[in-house]
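Quantities reported herein were computed from a predicted structural model and do not represent experimental measurements. Each chain gets a letter, A, B and so on, in the order its sequence line appears, and its residues count up from 1.
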Protein chains: 2
Amino acid sequence: MGVSLKDVALRAGVSAKTVSNVVNDYPHVTPRTRQRVQRAIDELGYRPNLTARHLRKGRTGLITLAIPELGNPYFAEVAGAVIDAAARHDLTVLLDHTAGLREKEILVSQGFRSHVIDGLILSPIRLEREDLLARPEDPPMVLLGEREYDVPYDHIMIDNVGAARIAVRHLLDLGRRRVAFLGARRESARQPAHLRLRGWREAITSAGLVPDESMVVATEGYDRADGAAAMACLLDRDKRPDAVFAYNDLVALGAMRTLVERGLRVPEDIAVVGFDDIEEGRYGAVSLSTVAPDKSGLARLAVDCLVERIAARGEDTPPAPQRILPGYRLIVRESTAIRRA
Amino acid sequence: MGVSLKDVALRAGVSAKTVSNVVNDYPHVTPRTRQRVQRAIDELGYRPNLTARHLRKGRTGLITLAIPELGNPYFAEVAGAVIDAAARHDLTVLLDHTAGLREKEILVSQGFRSHVIDGLILSPIRLEREDLLARPEDPPMVLLGEREYDVPYDHIMIDNVGAARIAVRHLLDLGRRRVAFLGARRESARQPAHLRLRGWREAITSAGLVPDESMVVATEGYDRADGAAAMACLLDRDKRPDAVFAYNDLVALGAMRTLVERGLRVPEDIAVVGFDDIEEGRYGAVSLSTVAPDKSGLARLAVDCLVERIAARGEDTPPAPQRILPGYRLIVRESTAIRRA
DNA sequence: CTGAAAGCGCTTACAG
DNA sequence: CTGAAAGCGCTTACAG
């Protein structure tokens, strides 16, 4: 099928080693030799077989990024950023989506395909601590995302509590007093929803108010449909909120859809803040205020971390695992544009 | 580093071949031998090195899917569908995004990384016919997407003209008479925008009307921002449209945002139809009518096609390249919900 | 049913 | 500065 090193060597009248030297830009090659080899390469249309190279070197130049769902714009945007960041290290990203299934997340973390990849960036949702502790050392792994774990792995995650606090404080500053939280969970306290709910609670408390737990609505998932349903459920209760802090932008957008259907105005009747800053939030009938994580920043941090881990593989004293907090900021748009008396 | 076949063979007291036979579920192995080998595998935690296997077999089980932009929900949704379809053939998808740059599209089509992948599904935008003709035979490639080419490759693409015709006819059926088209191109007639524009023209003509070219607005790209700008531009002209057919949902959503800003109602003042059926279109203040391509269908078709090409590689008489048209349907939502007198 | 040998295409010490 | 040999971890004919 293909043209091999040997063919080129034969044609150029040199050894395979010399061709290899040329291909890999080895410094010490006579210009004349280099030129001769290069010509043979061009004439034969030779291209190195990466599989063979990788077998030899023990590296493939491939890393896996495993995210819950490509259909979620936030993860799609993050994936794009990771692909770009990886390209700067000459790494190619193999994208997996786990569909938010614990089984698939375990499979990935256990090193499914590990002999093909140099490293793994995993963004887990359902995975448990013990799953992570049971995984083999290889390939190196970096966690990315808002689910908290107490495990010896590098983890890139935003300060969810702090970010939520700022979002809710923003709503309180607008004069809102009944701020709902959409997208709570019943499970583990380390879920991002719990962290953001804690921020909600802290912001309200530190404003001298009492958190009203009837303003907290749980959802099945975090999609637009979940947000729409949760908002409907909330509006059917006695007390009507005057503001909503949603787990993420999708939930917020779904909630706004329900508000339109019920004839309520945003932000006049109910102000809304989301989380993620997906592009879609800027173009609705009412643009969405939101917490914007530094996506390209966190992608870069995750890739850099992984690259270090890969380099340190097999070392006696690998660097201690660290938790890194990328930046974020609050973006104020129309959905919270009106201050109340 | 890892445990190799040889280690297992040594421990089980058999040859490497026998271990290989067990690992690959070769039929003719004594149950006793199989058991002994299996135990050695378990005890040693052996996992086959795929790179080595691939080098030997000439296949990697990897295919590349190259799309213009992961941030575009349509492509993200299609990518998810392709990943699922590929998994059914035990193929893993390596996702590339070309950022809609001709240079990157050429790179991918020329077989960048071709020694790692078994095949390629390419969704080009800027690529030209000559770029495609210049590419090497290997790896096999299948085109996916709405840019038309006259080249000997399998191509999965929707009947854009027909789909556009149906969308515009729907608007005409609602009694609209000034139907604008947002998202035209100045370039090649084979661009999907041209195909959809042709459908627009045909629908109007066959309704006994005369296409008004002042109702056609070109855009830089196909994002929400482009749609918003195009709509603004259109509204600043003399004649106001009473309906809009947008190149895609993103352009339509951007246009609707502008309509809100200008105080115009959808669909009362202006009805809107998009193309792609991205989930976001269902959850705006006004849900968006759209042409819905059968995404999982087209993903499956593309993967099946590629699998056949890979199998036929090196054959004397490979099957003739074919153009396959996946299905689509018109989805009517609120943005076209009102019939006019 | 199992084994010993060769080889996929490259790179890495080791010579010279 | 360049070459000859060995080997990465597997599978594929070929024997037996």
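- Two residues are said to be in side-chain contact when any heavy atoms from C-beta on lie closer than 4.5 Å; A/L65 and A/D96 fail this criterion.
- In this structure a side-chain-to-backbone donor-acceptor pair under 3.5 Å is missing from A/D7 to A/V3.
- With rounding to whole Å, B/D7 atom CG is found 13 Å from D/dC8 atom C1'.
- For the pair A/R53 CZ and C/dT12 C1', the computed distance is 14 Å after rounding to whole Å.
- Distance from the side chain of A/L55 is smallest to C/dG9 among D/dC10, C/dC10, C/dG9.
- Whole-Å rounding puts the B/K57 NZ to D/dG9 P distance at 19 Å.
- When the side-chain nitrogen and oxygen atoms of B/N49 are compared with OP1 and OP2 of D/dC8, none of them lie within a distance under 4.0 Å.
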*Between B/E43 and B/R11, does a salt bridge (charged side-chain N to carboxylate O under 4.0 Å, His left out) hold up when you go through it step by step?*
CA-CA 9 Å; B/E43 286 171 357; B/R11 174 148 199 149; 2.8 Å; yes
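- A 3.5 Å limit on both hydrogen-bonding distances identifies C/dC1 as the Watson-Crick or G-U partner of D/dG16.
- In this structure, of C/dC8, C/dG9, D/dA4, it is D/dA4 that holds the atom nearest to the side chain of A/S15.
- Following rounding to the nearest Å, B/R56 (CZ) and D/dC8 (C1') show an atom-to-atom distance of 14 Å.
- Mapping B/A52 and B/K17 onto DNA chain D by nearest heavy atom places B/A52 closer to the 5' end of the strand.
- Protein atom CG of B/N24 is 15 Å distant from nucleotide atom P of C/dT2, rounded to whole Å.
- Here the P atom of nucleotide C/dG7 and the CG atom of A/L5 are 17 Å apart, to the nearest Å.
- An OP1 or OP2 oxygen of C/dT11 is reached within less than 4.0 angstrom by a side-chain nitrogen or oxygen of A/S20.
- Between the A/T51 side chain and the B/L55 main chain, no donor and acceptor come within less than 3.5 Å of each other.
- Following rounding to the nearest Å, B/R47 (CZ) and D/dG9 (C1') show an atom-to-atom distance of 15 Å.
- Nucleotide D/dA13 holds its P atom 9 Å from the OH atom of B/Y26, rounded to whole Å.
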*asked:* Run A/K295 and A/E77 through salt bridge (charged side-chain N to carboxylate O under 4.0 Å, His left out) and show every step you take.
replied: CA-CA 8 Å; A/K295 285 168 212 147; A/E77 290 177 18; 2.7 Å; yes
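- Using a 4.0 Å heavy-atom cutoff across all strands shown, B/T33 reaches sugar-phosphate atoms only and no base atom.
- The shortest distance between the side-chain N/O atoms of B/S4 and the OP1/OP2 oxygens of D/dC8 is not below 4.0 Å.
- Remark: B/T18 is not in phosphate contact with C/dC1, judged by side-chain N or O atoms under 4.0 Å from OP1 or OP2.
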